[in-house]
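Input: a single structure, listed below in structure tokens.
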Protein chains: 2
Amino acid sequence: MATRHRRSACPISIALELLGDQWSLLVVRDLMFKGKHTFGEFLAGGEGIASNVLTDRLARLELAGVVTREPHPDDARKVRYLLTEKGLSLAPVLMELVVWSARWERTAAPPDEVKAMREQREAVLERVKRDWKRARTRGR
Amino acid sequence: MATRHRRSACPISIALELLGDQWSLLVVRDLMFKGKHTFGEFLAGGEGIASNVLTDRLARLELAGVVTREPHPDDARKVRYLLTEKGLSLAPVLMELVVWSARWERTAAPPDEVKAMREQREAVLERVKRDWKRARTRGR
DNA sequence: TCAATTCACTTGCAAACTGCAAGTGATATA
DNA sequence: TATATCACTTGCAGTTTGCAAGTGAATTGA
């Protein structure tokens, strides 16, 4: 597992120590918006993260209290990853990132959803939270 | 300069190709919130970025249209870096990151400012924009 | 006026990190 | 009971990083 040292007490700097890489926020995205919860689902996630790197990122995120791991209810081989409340509360960050990216880059983001993230923040946050609660309580 | 390849059209993924590293958003932070505009100011920025890495990040950000470079009005040795509108529009992302980090980590963020970012978004955005305009139009 | 300093970078190199391909052992499926 | 699938590990080459020491142009101070 990669080790990085604390550089300053600036909140942005601290956040970047954990999240400032190519993959961590994509794992959070998969958990938050794509209903993905297992190692295999993250691996097949389209962007092609390497399995050793994924292992490392999940361990970091777990250590930081952003995700939890538990045996999968349906299959003892699988591990089920879930966002903690700390992880869930990254939703506004990801939403603003989507809004920014959709505004300035050519993305595949559905314009309706981007508009909702921009103009109906609270509603989108509620939906994300509802999905999160559902995943937490039910075995999916 | 580092080369990375496009992985998917997901807006988060695209944003992370540019911003998903330890340093890029710290440069944006220095420009946006700390009134820093020169290579030397970024270098001395507390977190200890290496000069070769800073060179690379500034080049990437410029290529992406997030910052511009111009000769410094007061000193021909210096280069003045400024945020573009695209760079300025990262403000909500950084603000949400500050809010998240201040909530979950021990940071040096002044509680008043964090509260303002949480509860007076528009006012904070206005202030950031005003400072940005001032820097753009006036020398220094 | 000219030596010393400061500026934005470069360069060289070792250490750390990444991506890739090929395992591994435990569990599930047929 | 043989085969496939699961979440990882391992080994390795290539890339990126951090550090220390330049470089040339512009500025400062005596």
Side-chain angles (χ1 to χ4, degrees), chain A residues 1-8 13 16-27 30-31 36-64 67-82 139-140, chain B residues 1-8 13 16-27 30-31 36-64 67-82 139-140:
Chain A
M1 175 164 169
T3 341
R4 298 171 192 154
H5 51 290
R6 173 139 305 180
R7 299 168 301 182
S8 87
S13 181
L16 289 175
E17 279 174 42
L18 173 64
L19 304 171
D21 74 273
Q22 293 284 306
W23 300 110
S24 298
L25 284 177
L26 290 184
V27 171
D30 283 351
L31 283 161
K36 297 183 180 179
H37 297 280
T38 66
F39 193 91
E41 287 171 331
F42 302 141
L43 254 195
E47 278 94 359
I49 186 173
S51 60
N52 53 346
V53 175
L54 178 56
T55 300
D56 175 80
R57 294 306 183 273
L58 287 168
R60 296 174 65 84
L61 290 171
E62 190 193 2
L63 192 65
V67 307
T68 53
R69 356 173 333 125
E70 60 182 41
H72 196 288
D74 301 346
D75 186 335
R77 290 170 305 177
K78 296 189 185 178
V79 172
R80 191 157 74 135
Y81 292 93
L82 292 169
R140 151 44 203 288
Chain B
M1 176 165 169
T3 341
R4 298 170 191 153
H5 51 292
R6 174 140 303 183
R7 300 168 302 182
S8 87
S13 181
L16 289 175
E17 280 174 44
L18 173 64
L19 304 171
D21 75 273
Q22 292 285 305
W23 301 110
S24 298
L25 284 177
L26 291 184
V27 172
D30 283 352
L31 283 162
K36 297 184 180 178
H37 296 281
T38 66
F39 194 91
E41 287 172 331
F42 301 141
L43 254 196
E47 278 93 0
I49 187 173
S51 60
N52 53 347
V53 175
L54 177 57
T55 300
D56 175 78
R57 294 305 183 273
L58 287 168
R60 297 174 64 84
L61 290 172
E62 190 193 3
L63 192 64
V67 307
T68 52
R69 357 172 332 125
E70 61 181 43
H72 196 288
D74 300 347
D75 186 335
R77 291 170 305 176
K78 296 189 184 179
V79 172
R80 190 157 75 135
Y81 292 93
L82 293 169
R140 160 65 203 229

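Small disclaimer: the values here were computed from a predicted structure and weren't measured. In what follows, chains carry the letters A, B, and so on, assigned in the order in which the sequence lines appear, proteins first and then strands, with residues in each chain numbered from 1.
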> Just checking A:Asn52: base, sugar-phosphate only, or nothing, at a heavy-atom cut-off of under 4.0 Å?
Replying inline: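 Base: the residue A:Asn52, judged by heavy atoms under 4.0 Å, touches a nucleobase.
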Min side-chain heavy-atom separation [X]-[Y] under 4.5 Å:
X: B:Phe42; Y: B:Leu31; value: yes
X: A:Leu82; Y: A:Glu70; value: yes
X: A:Leu43; Y: A:Ser51; value: yes
X: A:Phe39; Y: A:Thr55; value: yes

> Taking the side chain of B:Val53 as its heavy atoms from C-beta onward, which of C:dA8, D:dT17, D:dC8 lies nearest to it?
Replying inline: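 The nucleotide sitting nearest to the side chain is D:dT17.
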> Between C:dG19, D:dT9, D:dC19, which nucleotide has the shortest distance from any of its atoms to the side chain of A:Ser51?
Replying inline: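 Ranking C:dG19, D:dT9, D:dC19 by closest atom to the A:Ser51 side chain puts D:dT9 first.
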Given [N], is OP1 or OP2 found less than 4.0 Å from the side-chain N or O atoms of [X]?
X: A:Arg60; N: C:dC17; answer: no
X: B:Arg57; N: C:dC9; answer: no
X: B:Trp23; N: D:dT17; answer: no
X: B:Thr38; N: C:dC7; answer: no

Integer-rounded Å distance: [N] [atom2] and [X] [atom1]:
X: A:Arg69; N: D:dC6; atom1: CZ; atom2: P; result: 16 Å
X: B:Glu41; N: C:dA8; atom1: CD; atom2: P; result: 8 Å
X: A:Leu43; N: C:dC20; atom1: CG; atom2: P; result: 12 Å
X: A:Glu47; N: C:dT18; atom1: CD; atom2: C1'; result: 16 Å
X: B:Leu58; N: C:dT10; atom1: CG; atom2: P; result: 11 Å
X: B:His72; N: C:dC9; atom1: NE2; atom2: P; result: 13 Å
X: A:Arg77; N: D:dC6; atom1: CZ; atom2: C1'; result: 5 Å
X: B:Glu17; N: D:dT16; atom1: CD; atom2: P; result: 14 Å

>> With a 3.5 Å cut-off and heavy atoms only, can you find an N or O donor on one side and an acceptor on the other between the side chain of A:Thr55 and the base of D:dT9?
In response: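 Absent.
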>> Could you work out, with side chain to side chain contact (heavy atoms under 4.5 Å, CB included) as the rule, every residue matching B:Val79, not counting sequence neighbours?
In response: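 For B:Val79 the side chain to side chain contact (heavy atoms under 4.5 Å, CB included) partners, ignoring immediate neighbours, are B:Arg69, B:Tyr81.
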